[in-house]
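Convention: sequence-line order gives letters A, B, ...; per-chain numbering from 1. The figures that follow rest on heavy atoms only: side chains count, while hydrogens, waters and symmetry mates do not. Just so it is clear, the structure is predicted and the values come from calculations on it, not from any experiment.
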Amino acid sequence: NAGVTQTPKFRVLKTGQSMTLLCAQDMNHEYMYWYRQDPGMGLRLIHYSVGEGTTAKGEVPDGYNVSRLKKQNFLLGLESAAPSQTSVYFCASSGRDTFYSGANVLTFGAGSRLTVL
Amino acid sequence: DQQVKQNSPSLSVQEGRISILNCDYTNSMFDYFLWYKKYPAEGPTFLISISSIKDKNEDGRFTVFLNKSAKHLSLHIVPSQPGDSAVYFCAASFTSGTYKYIFGTGTRLKVLA
């Protein structure tokens, strides 16, 4: 049971290049999320999805696009990378059965470290 | 504006003693609060949660306290162990069906052997 898998783990881009981060979960979870972690900023929500074919903006969506064509996959795209997008990106998922004392619990991937030069 | 704040970026505690991590929030409509632990080069993992209708939840060495009037929660770890050294994030959510979480900035705990 792999849980949440993110690829790639590391990537270096030049300003203006594009790339896609892939998140795959094998837990049949309905909800998927993309966060970025920056020093002193904690985890900030970029985009999320409440089901296949649906996406919505989070706290910091600018410069990113997402797609959820299949329930198990959530893709995060950078069309024209900027140095401000240098960060560690975390994907997370949760489902209707992932509750602890009433709280819906997120399962995170190991992260993807992106550097934009 | 930062709806969830962890004002202490770091904390050092001696092994066997109590660790207290604090978190403040501004929105009284949050329904649930969770704590996550993160080791370097790994994703955050769930630790413990509390509903806004409770003031305490305990799980082994970990206890979370919620003071709604002060909009403050704290995580107590007793006794602290070197393996507890990690970054701890508090998170708050609205149960609006999207289960979005707002995370704090994290507190790095170091437990000294």
Side-chain angles (χ1 to χ4, degrees), chain A residues 2-7 9-10 21 23 25 27 29-51 54-61 68 88-113, chain B residues 1-10 23-25 30-59 62-64 66 73 87-108:
Chain A
V4 178
T5 303
Q6 295 182 228
T7 52
K9 288 185 169 33
F10 303 94
L21 296 176
C23 177
Q25 52 94 4
M27 298 170 285
H29 284 170
E30 288 77 17
Y31 312 114
M32 296 187 76
Y33 311 82
W34 276 108
Y35 285 89
R36 60 178 287 176
Q37 184 194 7
D38 302 291
M41 302 295 287
L43 291 159
R44 292 181 294 169
L45 182 63
I46 305 171
H47 285 281
Y48 65 99
S49 168
V50 299
T54 72
T55 63
K57 294 180 180 179
E59 302 169 78
V60 287
R68 187 140 180 233
V88 181
Y89 292 85
F90 289 99
C91 177
S93 71
S94 66
R96 297 197 181 97
D97 59 350
T98 59
F99 284 84
Y100 173 87
S101 296
N104 191 251
V105 174
L106 303 180
T107 299
F108 282 86
S112 298
R113 182 176 293 275
Chain B
D1 68 7
Q2 192 76 25
Q3 295 189 69
V4 179
K5 300 178 184 178
Q6 293 176 258
N7 292 318
S8 298
S10 63
C23 181
D24 297 297
Y25 62 95
F30 286 131
D31 290 301
Y32 288 95
F33 303 90
L34 290 76
W35 285 94
Y36 282 81
K37 179 170 72 174
K38 184 184 179 306
Y39 293 118
E42 295 183 10
T45 55
F46 171 72
L47 197 55
I48 193 169
S49 69
I50 189 167
S51 162
S52 61
I53 63 173
K54 296 190 174 184
D55 54 18
K56 177 182 175 181
N57 190 26
E58 191 172 354
D59 187 351
F62 303 92
T63 302
V64 56
L66 176 62
L73 66 154
V87 177
Y88 290 78
F89 291 99
C90 66
S93 80
F94 308 98
T95 51
S96 59
T98 61
Y99 302 110
K100 287 192 301 179
Y101 285 93
I102 307 297
F103 282 80
T105 52
T107 296
R108 182 178 302 277

Name the atoms and distances for all side-chain donor-acceptor pairs under 3.5 Å in residues 36-45 of chain A, with sequence neighbours left out.
from  : atom 1 : to    : atom 2 : distance (Å)
A:R36 : NE     : A:D38 : OD2    : 2.8
A:R36 : NH1    : A:Y64 : OH     : 2.8
A:R36 : NH1    : A:S84 : O      : 3.3
A:R36 : NH2    : A:D38 : OD1    : 3.1
A:R36 : NH2    : A:D38 : OD2    : 3.3
A:R36 : NH2    : A:S84 : O      : 2.8
A:D38 : OD1    : A:S87 : OG     : 2.8
A:D38 : OD2    : A:R44 : NH2    : 2.9

Item to check | Atom pair CZ (A:F90) and CZ (B:F103), whose distance is rounded to the nearest 0.5 Å | outcome: 10.5 Å
Checklist entry - Is any side-chain heavy atom of A:V105 less than 4.5 Å from a side-chain heavy atom of B:Y101? => result no
Checklist outcome for this item: Okay, A:E59 and chain B: the region with an atom under 4.5 Å from a heavy atom over there is side chain
Contact origin within [X] toward chain A - heavy atom pairs under 4.5 Å:
| X | value |
| --- | --- |
| B:P9 | neither |
| B:A41 | backbone |
| B:Y36 | side chain |
| B:K38 | side chain |

Checklist entry - Who wins among B:S49, B:A91, B:G106 for the most heavy-atom pairs under 4.5 Å with chain A? => result B:S49
